[in-house]
Every structure is written in C-alpha cells, then in structure tokens.
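Each remark here refers to the structure printed beneath this line.
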Amino acid sequence: MSRYSAAEIETKWQEAWDKAGLFQAKLDRSKPKYYVLEMFPYPSGRIHMGHVRNYTMGDVIARYKLSTGHNVLHPMGWDAFGMPAENAAMAIGGHPKDWTYSNIADMRAQMKPLGLSIDWSREFATCDPEYYGQQQALFIDMLDAGLVARKNAVVNWDPVDMTVLANEQVIDGKGWRSGAEVERRELTQWFFKISDMADELLSALDTLDNWPAKVRLMQENWIGKSRGLQMAFQPVQDFDPIEVYTTRPDTLMGAAFVGISPDHPLAKTLAETRPEVEEFRALCRKGGTTEEALETAEKLGFDTGLTVRHPLNPDWHLPVWIANFILMDYGTGAIFGCPAHDQRDLDFVRKYDLPVISTFESLSDPQPVEATAYVPPKEEKVKWINHFAGLDVATGQEAIDATIDFAEAQGWGKGVTKFRLRDWGLSRQRYWGCPIPVVHCADCGVVPEKKENLPVKLPDDVTFDVPGNPLDRHPTWRDVPCPVCAKPARRETDTMDTFVDSSWYFARFTAPRAETPTVMEDADYWMNVDQYIGGIEHAILHLLYSRFFARAMHITGHLPAKCAEPFDALFTQGMVTHEIYQTRDDKGRPVYHLPEDVVDGKLKDGTPVEVIPSAKMSKSKKNVVDPVNIIRDFGADTARWFVLSDSPPERDVEWTASGAEAAAKFLARVWRMANDLGEQRDSGIAASLDEVMASHAFGQNAADDELLRTTHKMIDEVTKGIESFGFNAAIARIYAFTNALNRSQASARIKWAATRVLAQLMSPMTPHLAEEVWAILGGEGLVAAAAWPKADPAMLVDDSVTLPIQINGKRRAEISVPADMAAAEVEKLILEVDAVQKALEGATPRKIIVVPGRIVNVVV
RNA sequence: GCGGGCGUGGCGGAAUGGUAGACGCAGCGGAUUCAAAAUCCGCCGUCCGGAAGGAUAUGUCGGUUCGAGUCCGACCGCCCGUACCA
C-alpha cells in the first residue's frame, strides 16, 4: 500500500473545490446566510502561525456552516496602509506601493495552500484607490452629517527630525531615529466625533450577548461614564474662577490644593508674564503622549502663589498648583486634590508639604493616613468625620449623591455626567494612508473635494530620503483649485489613521466592486457579520471604531439600521508561542536561533542552547516556525490540525515539533484506516450511516450496537464542540472516536459507515484528508458539500449511570444505578454500601445529598 | 500607573459548583523485525504500600458551601490594552 502523501492529496482537492466554485458567495435569499470573518492581515510579506490559527478557526466555522445548509460568505483582504511600508522605503529604498503589493502577492501565495474556503473573488486591499476612494466619499458624507470636527490634539514632536512620531517610535521618551528628547506639541487635526455617541456605544454593549464579557467590560471601562460634581473655586486674587470636575465631591472637606493642567488657560495666561511658569510648562511637555508615559512620569507641581476660596468656607484659601498629571483632555483640566483619599494626591502633597485632612475613616479599623491613602470601595460603609451634609455612617456612593444634591440645592455646583472616551483623532502626517479629501482655501476655508473628483489618489513620485510627510513637500500634488471658488488652494496633506480603513472593510466585502461604498441590497442580505474572529489586542480600539463607523454609515445612508452593531458574535483567539533558543556571543550578549537549527537542545556544531520559556513568535527572538515549511514537510492539514488541537482557541497555543509530528501521524493513521477498509470494497459493504441505521437490528451483535451508539455520541459531541468554539475538545473526541473505531469488533459494514462519519466530522479541520477518505469510502460528491451528519437523540442516552459516593466530601465508593432511579431510591441503596456503613458505624447520617445522575454525598 | 485576562502532572491541556488530570506529547515496559524505522498493546501526578488501599495535590494565603480548579477577598507571577504599531 502507498503512503499518505499530503502534497498530492491537498493540491488535488483544492483544484476540485475551485472547479466546483463551492466557496464563491452569491446572494441567494432561498438559503439562510452566514457571514464569517477573520480580522484581515497586515501584509508584512510572510504569513505566520498566528494567521494560520486565526484563518483555520474561521475556516472550520465557514465549512461547518456550509455543510449545515447555509449560504456562506468568507472573504479575505489586506489592511495595507501603514507605517511599515514607509519604514521599508526608508530602510531599503523602493516605494511603499511596490513593497505592499509585492508582499500581498507573496502572502496570498503562502495562504492558498492552506485550503481555506475563502471567496477570493472579493479580495481587496485598503490601499487600492477603488477602496480608499470610497472611504473618501464616506468621509465627505460624514463631514456633511456633522460627524467630523477639527480641533487641537497633542502629538509626539521630534525637535531634531522636525516630524511627528508615532507612540511606538518614542523609546524611553526619545525619538527612535534622532535620539532627541521628544516633546508634546499641539496640532490642528481632524476628528471623528465618537464621543457624541459615547452613551449609545456604552448602552448597546448590553445587546452584544455573543461577545466575550471581558471585551464588553474593557469597552465599558474605556468609555468610562462617570457622574460627578462640577463647581467653581472663586479667586482670591484677580483671575477667572477655576471650574473643577470631580467624581469624589464627598471628599471636598479634605481638599488640600487646587490643581490645574499645564495646558489650562490660566497656566497659559500666567506663562505670558512669568518666565518661570513657562519654564515649568516646558518641563511638563517633555516626553511622549501615551497615557502610560503620563501616568508613570514623576509627579511635578508648581505653586502659582495664587489662591482660591473653598466653596463651603470663603475664608478657607486653597493654593493653586500647576501639576503635570492633570490632563486638559479630561473633565475641565482642573481638580481639587484630596490627599487623604487619593494616592496620587497624597504622593503629591508629601512631596510639596501640603496638609492631609481625612473626611472619613474605616468603621472597623480607624487609622490616620500616613503613607497610604484610605480609598475603600464606594459601596463600603465608612464613618464620616468631616462632612457638611450631616452624614454619620454612609457609603462613599451615598455621600457622593448627598453632596451633589446639597451643592445643587445651595447653588454652588451641579451634578454632571462625563465620559473618559475622547474624540477619535484621524489625521496622520504620513504618506502611506488614505488622503483626507479636503482642500484649504484662503477664501472658502476648509472645503470637501467634489465627489466626482474622487479618488484623491496618492501621487507616485515621492521619496523618503528626508524625514516627514512627502505629501507636504510635493511640488504639484498639494496645489489645487478650490472646489468651490476655483481659486488656487492647497490640498490637505494629512492622511487618515489606518484604523479608518479597518472600520468598514467588513461592509465593503458585501459589495467589493461597487461604485459606492456599499450597496444596500447586498449589505442588507449579508450583514451583519455572524462570526468575527481575531486577536484580543483589538478588544478596544478597532472594535469600538467599527461600532462607531457602522452607526455613522447608517446615518449617512450606507448601511441599514440593523447594522448598528456590525458583529453579532465575536471570538478572540490566543497567540501561537514557541520556546526561545539562545546562546551568547563572546561579549555575553544573547544570540537567538531558529527552532529548525536546534536538534536535541544543540546547534549543528554541538553547542548547547539555553531554552527560554515560550513567548509570542517574533522575528527578533527567532522563535518562529514558518507555516510554509510546515506545509512543505507535513501538509496543510497537519498545520491546521495542530493549531486547533492542543489548546483552547481563546488561549495561547505552544508550537512544538513533537506536537506537529503527532498531528501528522494521526492523520496518516486515519488515512490508513480508510485505505484498509477501502480494500474491502468488493464485498459490497459501502454504506452511509443512514443506510446502516435504517436496516440495523439492535440486540443482535453487541459490538455493532456499541459502535453505532459511539458514532452518534461522537456526532453529538464534535458538533457541540465546533458550535461552541471548543475545537480542542472536538479534536479530543475525534481521537477517542478513532481509538474506539480501531478497537471495535463491529462488522466491516458498520465500520465503513462510522469511518465515513469520521471523515465528515474531521472535514472542517482537515478538509483535504476528509475529501480523500470520503472518496475512498464511496461518498457522493465532495464531503465539503455533503450535509452534516445528525445524531439520533435516542442513541445518546445510557440506561445506567455510575454515581460516585462521597463521605464528607471525599470520594469513597461508587455505585451503578439505572439512569432514571429516584433520589429516594438511591439514598436507600447507598446506605447498604460497605464504605458507607463503615463510615456511619451504626449512626444515622446527618445529611444525604443526592444530585441525580451526578453524585451522592453522605455527611456523617 | 490604570483597565482586562490567565496560572492544573515532565509538557500542551480536560473538568454545567459534583469521581481533578479526558485527549495528546514525552517517558517507561512489551509485541512485531536479523536489526531499525514505521506500526500495535500496556503503564504513567507525587508520597507511603507487595497489593488492597491510604495520604497529598489545580500559583500563595484566607473565606463561602454538604462539596471549590470552578464562587468571593488579598497577594505573587505572566500576558493584552493604554487612544499615532497593526
């Protein structure tokens, strides 16, 4: 007999699928539709195991849904704009466009051998003018609908290269190329007004039942709805009152100072006349813009010398400080500091020697505040020692509510709801992105480009030899007539954030060649995405932006109302990890080695390597396994089987060479089993499970009966596994099924039918092998097109169950009883069991708990 | 710093609050073979015991419960995000 040859089989069946046009999605209202989408890749040029895992999961769902009678849409495209293409142009020359399209061609060629059930006829890249032109049309519609605004935003400024840097280009507060200390600088930018939808985006999270709870929670915290008190501190000297927003107004009697942001209007005014204020403001501007950098930076303060009156006691004067940790973006850009009940404020006053006044203390353990602020949960009752609304014992939340009521009644403050969510700044000072289709005219102001002039195409004649945005210095592209008055004007040279590209691609897939962003009929049929699959790293930004865009596209008439939440179900999969192999050079610096160069813990020259625990596969650590090599050595089915088998899909999976070999061995075993059976074809045993069930007389042959029962149970369990994303569990059941099939003494006819079911159950995961087995066993047509097997519920129930017997919670014995035995009967029966009698020593049990079908616990 | 998640044998992991370790890998023993590869069968958390059996065990500490890997609290470690990486 010949051996299992993945290469031969896989090419053959991929051609058969192509020929049958099985995966080309066509609008067909006679069938239920199913739209499965994996987050599309950035075209780096090489696929990696993370891609294989992501797309295999989607493929399992797509193929399974196809076999359950759905009209499946499973498209693929490329998230093709972004910085790496420009970095490559700078590093190795060439043009971002050539680099990107050549990467796309390479990656497509690497993906095709995986045998994914993708409708490649819908493929597009976001850098195609046909795509970004429609994105520009969307932008103009959103501008018209009032969903876009222009205002200032803070960016990372490299004072040497004179360019804006991305956060990842700021390393330890310094520019990655120049090494210069980065500053924060304000720039006028375009914004999507996502914060107008904050409340809607928050409340609609409740409808996303098929999203992971953790993602909904992360989005909820990100949007950050809070209710607090807004009030003014009146000036003692001659300046405007300071508006302050606080979520803890109950601690007002503990105020030690009023703090304002370095960007607060008052700070700016003071800086105009006082150089030391400007000096401090400059100090605060140092470093990058990330929240992490701002929050972990050393807390700095500057005493303005000004004072304000406490709202409850005009004779109580509080100092006004400028502090670097107060953000102009949130609230009013000013706070009052209560060091006793806020750790950050406490650290600040300890540094600058300001007073600490407690407003409440613990009921159980009152302690003066020393190094640690007392911050109990808002739901905990505390004793109030310094309050004005007559509180004694109350929770923080009760005190907050009482304070707001009190302030409103007295008229010195009002309850206000605020959101942490900021507007989405979409301007990027970069070339390789979608041009923002507006023109700046001296007379008409900022005007949108005419739609008939779209797409505003990126010019090809650009160079990357100087830092900065080549569009900004392009000789002709920039200069255009004003679309309104036709006078000379200047094109906007900023391009869009690449998150814009990925915020509506899922809608574009429903009509990828249309001359409008979407086509209502297609969008109405295919949307929403029934199952979206991608990495947890996109839990907040990409998904929140997409939710905003879906709403914006409805407002602008590009999506039906039902698409407000575009992803019905979301699944977040884990990473593929690998051990890291390291040696050291003569200076003791680490040198990393590819897994394929390490055999039995040694390099080829015999040098032993140090094994570092698994981490996400990355080029820099060289702990990468190239899917292309795995497919070459073992076949696509092995790669697919492995990435699904060893770990739950939401968790990381560790790639191991032995695991991949084991997967290959198992697939070869299934292939042999089918071939062994296939050789008995002449004896006329070819049969489907339905045919066998129709003619089988139970009670004649125990082995036959058992295998049939097992087959039905396996159909049930594997189906449930696939439907619940329990791919690893489904595969464990398939292993068990294969073992049972191998050992079974059932007749060849029954085994034949069972093996054909095995092929069907494996077909979403290992589609090529499944086709081969299906064909050997005389299955009709393609297994990919065959109807999914159905389990007979009558075959799933067992007559008797084994109940473990616990005594005081510890398992001491077990008993086999009829499955439907009443609890009272079971109770009687277990009292006869030796172990129970021994434990009771003649006494009556204190309690007997019978969980029908599960367990019995006797408490003595 | 803040928000979210994860932690179970030598390893990957299984387990609607109900027999912890399914299934797989590695390892050990055996069959087959002149030999090997491949394949097949068996054993396999740790400790005590010849066995039967017992003790112990799900990062650490505490709590809820007849019963906790699972629920609650604190801590430790790792991972993701932190608004210009995608």
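Just so it is clear: chains get the letters A, B, ... in the order the sequence lines come, proteins before strands, and each one is counted from 1. Heavy atoms only: backbone and side chains are in, while hydrogens, waters and symmetry mates are out.
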Which whole-number value in Å describes the distance from [X] [atom1] to [N] [atom2]?
X       : N      : atom1 : atom2 : answer
Y545(A) : G81(B) : OH    : C1'   : 12 Å
L217(A) : G81(B) : CG    : P     : 17 Å
M328(A) : A83(B) : CE    : P     : 19 Å
L346(A) : G1(B)  : CG    : P     : 16 Å
L803(A) : C66(B) : CG    : P     : 21 Å

Per [X] side chain, nearest of listed nucleotides [options]:
X       : options                : answer
I855(A) : A83(B), G18(B), G24(B) : G18(B)
E295(A) : G3(B), G18(B), G1(B)   : G1(B)
M83(A)  : C85(B), U19(B), G5(B)  : C85(B)
N739(A) : G81(B), C23(B), A83(B) : C23(B)
I536(A) : G24(B), G4(B), C80(B)  : C80(B)
V859(A) : G13(B), C66(B), G5(B)  : C66(B)
P648(A) : A14(B), A83(B), C84(B) : A14(B)
N728(A) : G13(B), C84(B), C80(B) : G13(B)
Q429(A) : C84(B), G24(B), A86(B) : C84(B)
A662(A) : U19(B), G5(B), C25(B)  : C25(B)

With a non-hydrogen cut-off below 4.0 angstrom, is [X] in contact with a base, only sugar-phosphate, or nothing?
X       : answer
T296(A) : base
H538(A) : base
V155(A) : base
S645(A) : nothing
V164(A) : base
W222(A) : base
I849(A) : base

### Query
Knowing that exactly one of I326(A), L327(A), D342(A) qualifies, which makes a side-chain contact (heavy atoms from CB on, under 4.5 Å) with I335(A)?
I326(A)
### Summary
The single option from T163(A), N469(A), D494(A) that satisfies side-chain hydrogen bond (donor to acceptor under 3.5 Å, both in side chains) with Q429(A) is D494(A)
Would you be so kind as to tabulate the donor-acceptor pairs closer than 3.5 Å made by side chains of residues 723-738 of chain A, with sequence neighbours excluded?
from	atom 1	to	atom 2	distance (Å)
E723(A)	OE2	Y64(A)	OH	2.5
S724(A)	OG	K720(A)	O	2.8
S724(A)	OG	G721(A)	O	3.3
R733(A)	NE	E717(A)	OE1	2.6
Y735(A)	OH	W641(A)	NE1	3.4
T738(A)	OG1	I734(A)	O	2.7

### Query
What form does the base of G42(B) take, syn (within 90° of 0) or anti?
anti
Kindly say if [X] contacts the phosphate of [N], meaning a side-chain N or O under 4.0 Å from OP1 or OP2.
X       : N      : answer
R428(A) : C84(B) : yes
S658(A) : A26(B) : no
S647(A) : G12(B) : no

### Query
What about E292(A): does its side chain form a donor-acceptor pair under 3.5 Å with the base of C2(B)?
no
#### Entry: Polar side-chain contact R651(A)-C6(B) base: donor and acceptor under 3.5 Å
no
Across all strands shown, which nucleotide pairs with [N] by Watson-Crick or G-U wobble geometry, both distances under 3.5 Å?
N      : result
U39(B) : A31(B)
C75(B) : G59(B)
A68(B) : none
G81(B) : C2(B)
G9(B)  : none

### Query
Can you tell me if T126(A) uses its side chain to pair, donor with acceptor, with the backbone of D79(A) under 3.5 Å?
no
How far, in whole Å, is [M] from [N] if one measures between their [atom1] atoms?
N      : M      : atom1 : value
G27(B) : C76(B) : P     : 39 Å
G53(B) : C79(B) : P     : 45 Å
C40(B) : A26(B) : P     : 13 Å
G13(B) : C66(B) : P     : 34 Å

Could you go through nucleotides 67-71 of chain B and list every protein N or O atom that sits under 3.5 Å from one of its N or O atoms, giving the distance for each pair?
none

#### Entry: Nucleic acid contacts - residues 182-192 of chain A versus RNA chain B, non-hydrogen atoms under 4.0 Å
Q189(A)
### Message
Please report the interatomic distance CD1(I194(A)) to CG(L544(A)), rounded to the nearest 0.5 Å.
### Response
4.0 Å
### Query
So which of Y545(A), Y131(A), Y132(A) actually passes ring pair (Phe, Tyr, Trp, His ring centres under 6.0 Å) with W504(A)?
Y131(A)
### Query
Can you name the salt bridge (Lys or Arg N to Asp or Glu O under 4.0 Å) partners of D345(A), sequence neighbours left out?
none
### Query
Among side-chain atoms of S178(A) and D158(A), is any donor-acceptor pair under 3.5 angstrom?
yes
### Any donor-acceptor N or O pair under 3.5 Å, side chains D347(A), Q343(A)
yes
### Sub-6.0 Å ring centroid separation between F325(A) and F348(A)
yes
#### Entry: Closest-nucleotide ordering on RNA chain B, the 5'-leading residue of A732(A) and N221(A)
N221(A)
### Query
Would you say the side chain of M328(A) lies within less than 4.5 Å of the side chain of N152(A), judging by non-hydrogen atoms?
no
Identify each atom pair where a protein N or O and an N or O of nucleotides 51-56 of chain B are less than 3.5 Å apart, giving names and distance.
from	atom 1	to	atom 2	distance (Å)
A55(B)	OP2	R812(A)	NH1	3.2

#### Entry: Evaluation steps, salt bridge (charged side-chain N to carboxylate O under 4.0 Å, His left out), between E492(A) and R150(A)
CA-CA 12 Å; E492(A) 169 72 65; R150(A) 243 167 104 69; 3.8 Å; yes
### Message
Tell me whether the rings of Y505(A) and H542(A) are parallel (<30°), tilted (30 to 60°) or perpendicular (>60°).
### Response
tilted
Please write out the pairs of protein N or O atoms and N or O atoms of nucleotides 40-43 of chain B separated by less than 3.5 Å, giving the distance to one decimal.
from	atom 1	to	atom 2	distance (Å)
C40(B)	OP1	R669(A)	NE	3.3

### Task
May I ask you to check if K151(A) and F191(A) form a cation-pi contact, with NZ or CZ under 6.0 angstrom from the six-membered ring centre and within 45° of the axis?
yes
